[in-house]
Amino acid sequence: MNIFVANLNFKLQEDELLDLFENFGEVTSAKIIIDRETGRSKGFGFVEMDNDDEANSAIADLNGQEVHGREMVVKQAEERPRRERRF
DNA sequence: TGTGAGCGA
């Protein structure tokens, strides 16, 4: 399951995000979105968990939790249409 | 600060 994590503090790193979700189960990957123009965090990220049950548990528990002074929002992410167009 | 950068195996 792709998990969308928003309202993150800029000082939050992927390692911290990964560690938070690893407490609920196996985490496939954790990624903090960085603005390539500014080189800084966009304030949100994504976490992939193979186990949907563990993912939902993590979402239910981590959503609204305060980390580094900010309450992060954890929801199921939308399917991002990756550019596979080969026209 | 709210739906994704990365170009290489």
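Protein chains get the first letters and strands the later ones, always in sequence-line order, with residue 1 at the start of each. All figures in this text were calculated on a predicted structure; none of them were measured in a lab.
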Length of the line joining [X]:[atom1] and [N]:[atom2], which is rounded to integer Å:
{"X": "A:N63", "N": "B:dG2", "atom1": "CG", "atom2": "P", "value": "16 Å"}
{"X": "A:L12", "N": "B:dG2", "atom1": "CG", "atom2": "P", "value": "15 Å"}
{"X": "A:D35", "N": "B:dG2", "atom1": "CG", "atom2": "C1'", "value": "14 Å"}
{"X": "A:N7", "N": "B:dT3", "atom1": "CG", "atom2": "P", "value": "12 Å"}
{"X": "A:I33", "N": "B:dT3", "atom1": "CD1", "atom2": "P", "value": "11 Å"}
{"X": "A:I32", "N": "B:dG2", "atom1": "CD1", "atom2": "P", "value": "13 Å"}
{"X": "A:Q76", "N": "B:dG4", "atom1": "CD", "atom2": "C1'", "value": "16 Å"}
{"X": "A:L62", "N": "B:dG2", "atom1": "CG", "atom2": "P", "value": "20 Å"}

Exercise. Measure the spacing between CZ of A:F4 and CD of A:E78 and express it to the nearest 0.5 Å.
Key: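 The distance works out to 8.0 Å.
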
Quiz prompt | Distance (rounded to the nearest 0.5 Å) between A:M72 CE and A:L62 CG | solution = 4.0 Å

Self-check item: side chain to side chain donor-acceptor pair (under 3.5 Å) pairs, two or more places apart, involving residues 53-65 of chain A
Solution: none

Quiz item: Does any pair with a residue in residues 13-29 of chain A pass side chain to side chain donor-acceptor pair (under 3.5 Å), and if so which ones, sequence neighbours excluded?
Solution: A:E16-A:H68, A:S29-A:E48

Practice problem: From the options B:dG2, B:dG4, B:dT3, select the nucleotide whose nearest atom is closest to the side chain of A:V73. | Solution: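 So the side chain of A:V73 is nearest to B:dG2.
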
Quiz prompt | Joint cluster assignment, A:I59 & A:L17, ILVMFWY side-chain distance < 4.5 Å | solution = yes

Quiz prompt | Donor-acceptor contact present, side-chain A:D35 to main-chain A:S41, <3.5 Å | solution = no

Self-check item: 5′-ward residue of the pair A:A6/A:E14 relative to DNA chain B
Solution: A:A6

Practice problem: Report the residue (A:A30 or A:K75) whose heavy-atom-nearest nucleotide on DNA chain B is the more 5′ of the two. | Solution: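 The 5'-side residue here is A:K75.
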
Quiz item: Which is it for A:L8 and A:I32 under the side-chain contact (heavy atoms from CB on, under 4.5 Å) test, yes or no, and what are the steps along the way?
Solution: CA-CA 9 Å; A:L8 296 173; A:I32 294 294; 3.6 Å; yes

Exercise. Tell me which residues in residues 36-53 of chain A put a heavy atom below 4.0 Å from DNA chain B, sorted by number, or none.
Key: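 Per residue number, the list reads A:R36, A:K42, A:F44, A:F46.
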
Quiz item: Checking all strands, does A:L8 fall into the base, sugar-phosphate, or nothing category for heavy-atom contacts under 4.0 angstrom?
Solution: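 It contacts nothing in the nucleic acid.
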
